[in-house]
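Remarks on the structure that follows.
Along the sequence shown, residues carry numbers from 1. These values consider heavy atoms only, across backbone and side chains, with no hydrogens, waters or symmetry-generated copies.
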Amino acid sequence: MTLNGLNRKINHIEENFKFIGEGEDNMTFTLVFNSVLRNKSYMLVFEPVPIWRISKGREVVVTRKSPKYPYGGLRQLFEAVNFKVETEETKFPDSKQCIIIVHPQGYGTEEDLNTLKKELSEEGFEYQMISFKKSWMGGLKLCTHTKVNNIVAVGRLSGSFR
């Protein structure tokens, strides 16, 4: 490879991939779906491309082309785990509910989170978001965001976790 070719590759990496610890926009997400029939929790990590961690070492690579979470990634997860909302016979009132846990480390961005929230809404899920953000005092603060019927409520639990 020529020096010019190597420089183009380095520029591509710098433009498209960022490193943990750069800025405030570093996140990893866990989705927990309401279900009494089985565990439905899945982690979305960016290593540096988006990957759904399913269980027992199973993963779904959403894309290898970009570190950004693409629209359609949630559908890939649902297909991989054969995700179904409970049928009428087993349906509970909250079966289309989800909790998004936002962890303050990883390669995910606010844009990735917004794409994920948009997909959940379009699939008919009501969601609550729990975000662990670093506070200026060095601890973690728990913030919650709830979206039900397109109304968003934001709350904060005081105190820090040590």
Side-chain angles (χ1 to χ4, degrees), residues 16-135 139-157 161:
N16 293 293
F17 296 88
K18 64 184 195 176
F19 297 92
I20 292 175
E22 281 189 6
E24 299 272 327
D25 216 18
N26 301 313
M27 297 178 247
T28 299
F29 314 110
T30 300
L31 298 184
V32 181
F33 293 94
N34 187 7
S35 176
V36 295
L37 301 178
R38 64 178 208 184
N39 177 21
K40 291 185 180 178
S41 60
Y42 312 100
M43 187 171 219
L44 179 62
V45 297
F46 297 80
E47 296 182 343
V49 297
I51 299 170
W52 285 110
R53 292 263 166 87
I54 299 173
S55 65
K56 299 177 186 156
R58 287 184 56 212
E59 336 181 292
V60 174
V61 177
V62 180
T63 181
R64 295 184 192 280
K65 296 178 181 177
S66 169
K68 296 184 184 339
Y69 177 76
Y71 186 86
L74 185 64
R75 177 62 36 208
Q76 285 179 277
L77 170 68
F78 287 172
E79 289 170 4
V81 298
N82 197 22
F83 190 96
K84 292 185 174 97
V85 175
E86 284 79 4
T87 64
E88 285 301 317
E89 295 82 39
T90 63
K91 191 172 185 177
F92 290 88
D94 323 344
S95 63
K96 293 272 296 197
Q97 291 184 334
C98 174
I99 296 172
I100 305 170
I101 302 171
V102 180
H103 309 277
Q105 54 285 108
Y107 294 110
T109 66
E110 198 72 38
E111 181 183 345
D112 298 323
L113 178 60
N114 289 336
T115 301
L116 185 58
K117 291 190 301 188
K118 180 179 178 185
E119 285 185 294
L120 284 166
S121 292
E122 288 179 2
E123 289 285 340
F125 284 90
E126 297 174 345
Y127 62 82
Q128 181 174 21
M129 190 171 80
I130 299 174
S131 178
F132 294 98
K133 297 281 186 178
K134 292 183 181 177
S135 75
L140 293 176
K141 290 213 173 177
L142 179 65
C143 304
T144 61
H145 303 261
T146 304
K147 181 174 182 184
V148 178
N149 298 327
N150 292 324
I151 299 170
V152 177
V154 178
R156 182 177 303 256
L157 299 177
F161 299 89

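Residues Met27 and Glu110 form a side-chain contact, since some pair of their non-hydrogen atoms from C-beta on lies under 4.5 Å apart.
Checked by atom type, the side-chain pair Asp112/Thr115 shows no donor-acceptor distance below 3.5 Å.
Legend: residues meeting side-chain hydrogen bond (donor to acceptor under 3.5 Å, both in side chains) with Gln76, ordered by chain and number and at least two apart, are absent. For Tyr42, the ring-ring contact (aromatic ring centres under 6.0 Å, His included) criterion is met by no residue, not counting sequence neighbours. Scored by the side-chain contact (heavy atoms from CB on, under 4.5 Å) test, Glu123 finds Leu74, Arg75, Phe78, Phe125 as partners (sequence neighbours excluded). Applying the side-chain hydrogen bond (donor to acceptor under 3.5 Å, both in side chains) rule to Glu122 yields the partners Tyr71; only residues at least two apart in sequence or on another chain are considered. Remark: Thr63 pairs with no residue by the side-chain hydrogen bond (donor to acceptor under 3.5 Å, both in side chains) rule, at least two apart or across chains. Under the side-chain contact (heavy atoms from CB on, under 4.5 Å) criterion, Arg53 pairs with Met43, Val45, Glu47, Glu59, not counting sequence neighbours. In this structure, Ser55 has no side-chain contact (heavy atoms from CB on, under 4.5 Å) partners at least two apart in sequence or on a different chain.
Within the 3.5 Å criterion, the main-chain N or O of Lys68 finds no donor-acceptor partner in the side chain of Glu111. With hydrogens and angles disregarded, no donor-acceptor distance shorter than 3.5 Å links the side chain of Gln105 to the backbone of Thr28.
The OH atom of Tyr69 sits 5.0 Å away from atom CG of Leu116, with the distance rounded to the nearest 0.5 Å. Atoms NZ and CG, on Lys40 and Leu77 in that order, are 11.0 Å from each other to the nearest 0.5 Å. In this structure, OH in Tyr107 is found 9.0 Å from CG in Asn26, a value given to the nearest 0.5 Å. Expressed to the nearest 0.5 Å, how far CG of Leu44 lies from CG of Leu31 amounts to 7.5 Å. Atom CD of residue Gln128 and atom CD1 of residue Ile101 lie 10.0 Å apart, to the nearest 0.5 angstrom.
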